Amino acid sequence: MSQHRASAVEKNTILTGITTTGTPHLGNYVGAIRPAIEASQKPDINAYYFLADYHALIKCQDPAMVHQSSREIAATWLALGLNTDNVVFYRQSDVPEITQLMWFLSCVAAKGLMNRAHAYKDSVQKNQEAGEDQDYGITMGLFSYPVLMAADILMFNATRVPVGRDQIQHIEMARDIAQRFNHVYGEHFTLPEAVIDDHVAVLQGLDGRKMSKSYGNTIPLFLPEKQLRKHINKIKTNLLEPGEPKDPDTSTVFQIWRAFASNEQTAAMRREFENGIAWGEAKKQLFELIEAELREPRQRYYELLESPSHIENMLNEGAEKARAVSVPFMAKLNRAVGLHSLS
Ligand code: TRP
């Protein structure tokens, strides 16, 4: 409890990372990137947003893909208007102190705690079902994933970590590991809290399930206009004819509409559904709404991809700001565990 009080007097520090595998989709935008950019505009907040490229190596061993994805995800944040004067925006691998801290944390983290991590347990279960050795294909990277994530968070003493529900366990593990370290070496780390925003939509994908790369049902964020229209036309609907009233609350088209519309636009579309709007017409309007929000950022996105050195400069500035914190903090931690000069 005393640790809580200590952190409450400090300015809130929010921190979040996106793993650099794959291309961002509308679900990432609505559920994570857009709210994170909004949060970064509030006063009284320190924001750290980063490309989790060390994490990427766990899932993806295709160097070209890891590299390309870093570029695309960095360009996405910048194109959407992230103001790097307000936010420390960096690449995880530019802050090597994070992996140094990870080792310190590994030496206090209980293996039994890691055994309970969902991602690891799922892999073990799949192996058992397939009749394989239970650790078949499981790397130390996957097993240690929560320790790396704890290092990301604790390095900057983040107080609030906005994440999806699937990541709550990782934040709890970070707290647990921080507590152990504090217990052994003194109060170095603030205990982070997961922030789950119930107002932020978990977007449905083309088939009505949660929009997710693993379901293959996504709408990529910066599709060219024609392709965006095509994808929206693929959203699954029922067979009700024009003129027949439709239920907005079970409709993926309406659910996505709501994530982009104002309250008035949402109310108006609800009435249109009740009046039996044709699916084709609803999708056309949805396309126009999304297109209006994304047209300009998309333009900037493609421009940014053409000037990687601009992106690189932004990331280098971010790394400098991040290391202004991580280098002295790591020096302090080295001393705390007994690793320092003999003279
Ligand atoms: N594990 C997160 C995800 O897959 C990404 C991530 C890595 C992260 N380090 C983090 C998120 C630290 C928040 C804080 O979505």
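The shown structure was predicted, so the numbers you read here are calculated from the model rather than taken from an experiment. Numbers here simply count residues along the sequence, with the first being 1.
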If only side-chain N and O atoms count, and only distance matters, is there a donor-acceptor pair under 3.5 Å linking Asp135 with Tyr120?
yes
Quick check: do Leu294 and Leu26 have side-chain heavy atoms less than 4.5 Å from each other?
yes
Over 60° means perpendicular and under 30° means parallel, so tell me whether His55 and Tyr145 are parallel, tilted or perpendicular.
perpendicular
Using the rule given for ring-ring contact (aromatic ring centres under 6.0 Å, His included), can you reason through Phe189 versus Phe181, listing the C-alpha separation, both sets of side-chain angles and the distance that settles it, and then say yes or no?
CA-CA 8 Å; Phe189 297 125; Phe181 191 95; 5.0 Å; yes
Cluster question for you: counting only ILVMFWY and a side-chain heavy-atom cut-off of under 4.5 Å, with indirect links fine, are Leu315 and Tyr49 together?
yes
Do the side-chain N and O atoms of Thr252 and Gln255 include a donor-acceptor pair separated by under 3.5 angstrom?
no
Whether Lys111 side chain and Ala109 backbone form a donor-acceptor pair below 3.5 Å:
no
I'd like a table of donor-acceptor pairs (distance under 3.5 Å, sequence neighbours excluded) in which one partner is a side-chain atom from residues 336-343, with atom names and distances.
unit_1	atom_1	unit_2	atom_2	d
Ser341	OG	Ser343	N	3.1
Ser341	OG	Ser343	OG	3.3

Do Met211 and Asn217 touch side chain to side chain, with heavy atoms closer than 4.5 Å?
yes
Between Thr76 and Thr23, does a side-chain contact (heavy atoms from CB on, under 4.5 Å) hold up when you go through it step by step?
CA-CA 9 Å; Thr76 298; Thr23 303; over 6 Å; no
If we ignore hydrogens and angles and just use 3.5 Å, is the side chain of Gln285 paired with the main-chain N or O of Ala282 as donor and acceptor?
no
Distance (rounded to the nearest 0.5 Å) between Ile311 CD1 and Leu78 CG
6.5 Å
Just wondering, do Ser251 and Trp279 contact through their side chains at under 4.5 Å, heavy atoms?
yes
Can you give me every donor-acceptor pair (side chain of residues 94-102, partner residue at least two apart or in another chain, under 3.5 Å) with its distance?
unit_1	atom_1	unit_2	atom_2	d
Asp94	OD2	Arg91	NE	2.9
Asp94	OD2	Arg91	NH2	3.0
Glu97	OE1	Arg323	NE	3.2
Glu97	OE1	Ser326	OG	3.0
Glu97	OE2	Arg323	NE	3.4
Glu97	OE2	Arg323	NH2	2.6
Thr99	OG1	Pro96	O	2.8

Donor-acceptor pair, side chain of Asn12 and main chain of Ile45, under 3.5 angstrom:
no
Going through the checks in order, is the side-chain hydrogen bond (donor to acceptor under 3.5 Å, both in side chains) test met by Ser70 and Asp53?
CA-CA 7 Å; Ser70 290; Asp53 56 351; 4.6 Å; no
Sorted by chain and number, sequence neighbours left out, side-chain contact (heavy atoms from CB on, under 4.5 Å) with Ala56 holds for Thr19, Thr20, Thr21, Val66
With no hydrogens and no angle check, is any side-chain donor or acceptor of Glu193 less than 3.5 Å from a backbone partner on Arg160?
no
My understanding is that only one of Arg298, Lys226, Arg229 makes a salt bridge (charged side-chain N to carboxylate O under 4.0 Å, His left out) with Glu291; could you say which?
Arg298
Within the side chain of Asn127, is there an N or O that forms a donor-acceptor pair under 3.5 Å with the backbone of Tyr136?
yes
Please report the C-alpha distance between Leu289 and Ile256 in whole Å, then the side-chain angles of each, then the deciding distance to 0.1 Å, and finally whether the side-chain contact (heavy atoms from CB on, under 4.5 Å) criterion is met.
CA-CA 10 Å; Leu289 184 69; Ile256 300 178; over 6 Å; no
Just verifying a value: how many Å separate Met314 CE and Leu82 CG, rounded to the nearest 0.5 Å?
8.5 Å
Charged N to carboxylate O under 4.0 angstrom, Lys284 versus Glu288?
yes
Asn263 and Thr266: side-chain donor and acceptor closer than 3.5 Å?
no
For the residue pair Ile14 and Val161, establish whether any side-chain heavy-atom pair is separated by less than 4.5 Å.
no
Donor-acceptor pairs are to be reported for all side-chain atoms of residues 29-36 against protein atoms at under 3.5 Å, with residues two or more places apart or in another chain.
unit_1	atom_1	unit_2	atom_2	d
Tyr29	OH	Glu293	OE2	2.4
Arg34	NH1	Ala259	O	3.1
Arg34	NH1	Glu293	OE2	3.1
Arg34	NH2	Ala259	O	2.6

Are Met155 and Tyr48 close enough, and set up right, to give a side-chain contact (heavy atoms from CB on, under 4.5 Å), and what steps lead you there?
CA-CA 11 Å; Met155 176 58 84; Tyr48 290 84; over 6 Å; no
When you compare the side chains of Asn86 and Gln41, does any donor N or O come within less than 3.5 Å of an acceptor on the partner?
no
Determine whether Val195 and Val163 make a side-chain contact, defined as any pair of heavy atoms from C-beta on separated by less than 4.5 Å.
no
Can you list the steps and then say if Phe260 with Gln265 is a side-chain contact (heavy atoms from CB on, under 4.5 Å)?
CA-CA 9 Å; Phe260 285 86; Gln265 287 172 314; over 6 Å; no
Tell me whether the count of non-hydrogen atoms from other residues, nucleotides or ligands lying under 6.0 Å of NZ in Lys230 goes above 12.
no
Just jot down the side-chain hydrogen bond (donor to acceptor under 3.5 Å, both in side chains) partners of Ser212, sequence neighbours excluded, or say none.
Ser214
Tell me whether Ser307 contacts the main-chain N or O of His310 through its side chain, where contact means a donor paired with an acceptor under 3.5 Å.
no
Using a 3.5 Å cut-off and no angle test, enumerate the donor-acceptor pairs between side-chain atoms of residues 268-277 and protein atoms at least two apart in sequence or in another chain.
unit_1	atom_1	unit_2	atom_2	d
Arg270	NH1	Asp249	OD2	3.3
Arg270	NH2	Asp249	OD1	3.0
Asn275	ND2	Arg271	O	3.4

